[in-house]
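To start, the structure under review is shown below, and the notes come after it.
Order of the sequence lines sets the chain letters (A, B, ...), proteins ahead of strands, with each chain counted from 1.
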There are 2 protein chains.
Amino acid sequence: MRPLTIGTLAKASRVHLETVRYYERIGLMPKPSRTASNYRNFGPEHVERLSFIRRAREIGFSIREIRELLALAEPGRASCAEVQTLTTVHLSEVRAKIADLRKLETILAGALERCLGESAPACPVLDMLASPRPS
Amino acid sequence: MRPLTIGTLAKASRVHLETVRYYERIGLMPKPSRTASNYRNFGPEHVERLSFIRRAREIGFSIREIRELLALAEPGRASCAEVQTLTTVHLSEVRAKIADLRKLETILAGALERCLGESAPACPVLDMLASPRPS
DNA sequence: CTTGACCCCGTAGTAACTACAGACCTTATA
DNA sequence: TATAAGGTCTGTAGTTACTACGGGGTCAAG
């Protein structure tokens, strides 16, 4: 098969082309070999790694966390326990964020409900933002 | 009372001092008057406006949205309907985010559960990230 | 041989701050 | 009055994770 150019790699792993270059710049992806005309030349292992990264991003891991995951995924380092720790931390962050957003949801929905009620002398949303003690 | 310096204003409205300057730079806060020695000199209306902004940020409104809210809050423009629209849009964004995070939560919790199960030949989290079809 | 699609690099822009550096000013204490 | 601590000034750069651009070189098809 043809040498894998950056565009093909990007499509294969469903990562934006410019993002591939970005990942290389920040050292998340290894520098690939180059053709005579200086084009990047990737192999299947790059597709795999890049797809791994994309999936991890989709699950909400940060670049820093992905670096750790990739290190832990190295052969010989099958340290499931450490991966578990990382994932647990991440999960609890996700849960904290959900809890926060649910509070916001309640606040916003409450204000909007008051908008629909008849007894609104002023705008309930603006009131809430203007006064120190929102309902 | 003393002229309200930036530090005092920051404390009173519970906004980081540097953020106050930032808000002024981007035109979210009006430029205050200055003392003879070029210190910013604020009044109670600044505390109010800054607190309004902080509460709106806490509820997750973007700076752009807050600009609109502030414009709508101007006296004479009591356009509750427009505020309601803005808030409704924001609420649906919050709900969408919650839905996304809940999916992540399920995925992460599922992988971790498999970690605890006995039948783990490899790391379930890494497996999930490595294979195109996670369970 | 030309056209269009691809690739190169470096830089700058995005959101919403936060953190300096180096200078000046004010207030409290000795 | 001197000085030391702490507050304020400006402008710039760093943060996260990209995305977009400009100005060029390269490759494959017709």
Side-chain angles (χ1 to χ4, degrees), chain A residues 1-29 31-42 46 49-70 90 93-94 97 100 104, chain B residues 1-29 31-42 46 49-70 90 93-94 97 100 104:
Chain A
M1 43 197 184
R2 302 281 106 197
L4 209 46
T5 66
I6 194 171
T8 319
L9 170 66
K11 254 171 222 148
S13 46
R14 281 176 290 158
V15 169
H16 194 294
L17 188 147
E18 310 251 29
T19 306
V20 180
R21 283 201 274 254
Y22 169 70
Y23 285 164
E24 180 184 326
R25 242 194 346 271
I26 66 172
L28 195 58
M29 287 291 289
K31 301 203 176 207
S33 61
R34 299 291 184 121
T35 67
S37 56
N38 204 31
Y39 280 24
R40 285 174 182 80
N41 198 358
F42 299 95
H46 292 102
R49 188 179 175 100
L50 196 47
S51 302
F52 181 102
I53 294 170
R54 175 182 51 75
R55 285 183 210 109
R57 287 292 297 130
E58 284 171 358
I59 296 185
F61 283 104
S62 70
I63 299 285
R64 199 180 52 70
E65 287 169 328
I66 293 172
R67 268 186 225 278
E68 295 180 51
L69 285 174
L70 283 166
H90 181 50
E93 284 166 1
V94 167
K97 192 118 207 190
D100 281 356
L104 297 191
Chain B
M1 46 199 189
R2 304 278 107 207
L4 208 48
T5 67
I6 193 169
T8 319
L9 170 65
K11 253 172 223 147
S13 47
R14 281 177 288 159
V15 169
H16 194 292
L17 188 148
E18 310 251 28
T19 305
V20 180
R21 284 203 273 255
Y22 168 70
Y23 286 163
E24 180 185 327
R25 242 194 348 271
I26 66 172
L28 196 58
M29 286 292 287
K31 300 202 175 204
S33 61
R34 300 291 185 120
T35 67
S37 57
N38 204 31
Y39 279 24
R40 287 173 182 79
N41 197 359
F42 299 94
H46 292 102
R49 188 180 175 100
L50 197 47
S51 302
F52 181 103
I53 294 169
R54 174 182 50 75
R55 285 182 210 112
R57 289 290 299 130
E58 284 171 359
I59 297 186
F61 283 104
S62 69
I63 299 284
R64 199 179 54 70
E65 288 169 327
I66 293 172
R67 268 187 224 278
E68 295 182 50
L69 285 173
L70 284 166
H90 181 49
E93 284 166 1
V94 167
K97 192 117 206 190
D100 281 356
L104 297 190

Task: B:His16 side chain, from C-beta outward: closest of C:dA19, D:dC9, C:dA16 - done: C:dA19

- [ ] May I ask you to decide if B:Glu65's main-chain N or O and B:His90's side chain share a donor-acceptor pair within less than 3.5 Å?
- [x] no

Open item on the list: If you assign each of B:Arg21 and A:Ile63 to its closest nucleotide in DNA chain D, which residue comes earlier from the 5' end?
Closed with: B:Arg21

Open item on the list: With heavy-atom distances below 4.5 Å as the criterion, would you say the side chains of A:Leu70 and A:Leu28 are in contact?
Closed with: yes

- [ ] State whether the side chain of A:Thr8 and the backbone N or O of A:Leu4 hold a donor-acceptor pair below 3.5 Å, judged by distance alone.
- [x] no

Open item on the list: If you count every heavy atom of other residues, nucleotides or ligands that lies below 6.0 Å from A:Arg14 atom CZ, does the total exceed 12?
Closed with: no

Task: Length of the line joining A:Met29:CE and D:dA17:P, which is rounded to integer Å - done: 17 Å

- [ ] Nearest whole angstrom, please: distance from the P of C:dT18 to the CZ of B:Arg25.
- [x] 12 Å

TODO: Round to a whole Å and report the spacing from CZ of B:Arg57 to P of C:dA15.
DONE: 12 Å

Task: Of the listed nucleotides C:dC6, D:dC18, D:dC21, the one nearest the side chain of A:Glu18 - done: D:dC21

Open item on the list: Checking contacts here: which listed nucleotide (D:dG7, D:dA17, D:dT10) is nearest the side-chain heavy atoms of B:Tyr39?
Closed with: D:dG7

- [ ] Measure the distance from CD1 on B:Ile66 to P on C:dA15 and round it to the nearest whole Å.
- [x] 13 Å

Open item on the list: Using whole Å, what does the distance between atom C1' of nucleotide D:dG6 and atom CD1 of B:Ile6 come to?
Closed with: 15 Å

TODO: State whether the side chain of A:Arg49 and the backbone N or O of A:Met29 hold a donor-acceptor pair below 3.5 Å, judged by distance alone.
DONE: no

Task: side-chain N/O B:Arg54 vs C:dC17 OP1/OP2, d < 4.0 Å - done: no

Open item on the list: Pick the closest DNA chain C nucleotide for B:Arg64 and for B:Ser37 by heavy atoms, then say which residue is nearer the 5' end.
Closed with: B:Arg64

- [ ] Look at all strands and tell whether A:Leu17 reaches a base, only sugar-phosphate, or nothing, counting heavy atoms closer than 4.0 Å.
- [x] sugar-phosphate

TODO: Take atom OH of B:Tyr22 and atom P of D:dT15, then tell me their distance rounded to the nearest Å.
DONE: 17 Å

Open item on the list: For a quick test of reading the model: is some side-chain N or O of B:Thr5 closer than 4.0 Å to OP1 or OP2 of D:dT8?
Closed with: yes

- [ ] Tell me which of B:Arg40 and A:Thr35 sits closer to the 5' end of DNA chain D, going by the nucleotide each one is nearest to.
- [x] B:Arg40

- [ ] Measure the distance from CG on B:Leu50 to P on C:dC17 and round it to the nearest whole Å.
- [x] 11 Å

- [ ] Round to a whole Å and report the spacing from CG of B:Asn38 to C1' of C:dA23.
- [x] 13 Å

Task: side-chain N/O B:Tyr23 vs C:dC17 OP1/OP2, d < 4.0 Å - done: yes

- [ ] Just call it for A:Phe61: base, sugar-phosphate, or nothing, with non-hydrogen atoms closer than 4.0 Å on any strand.
- [x] nothing

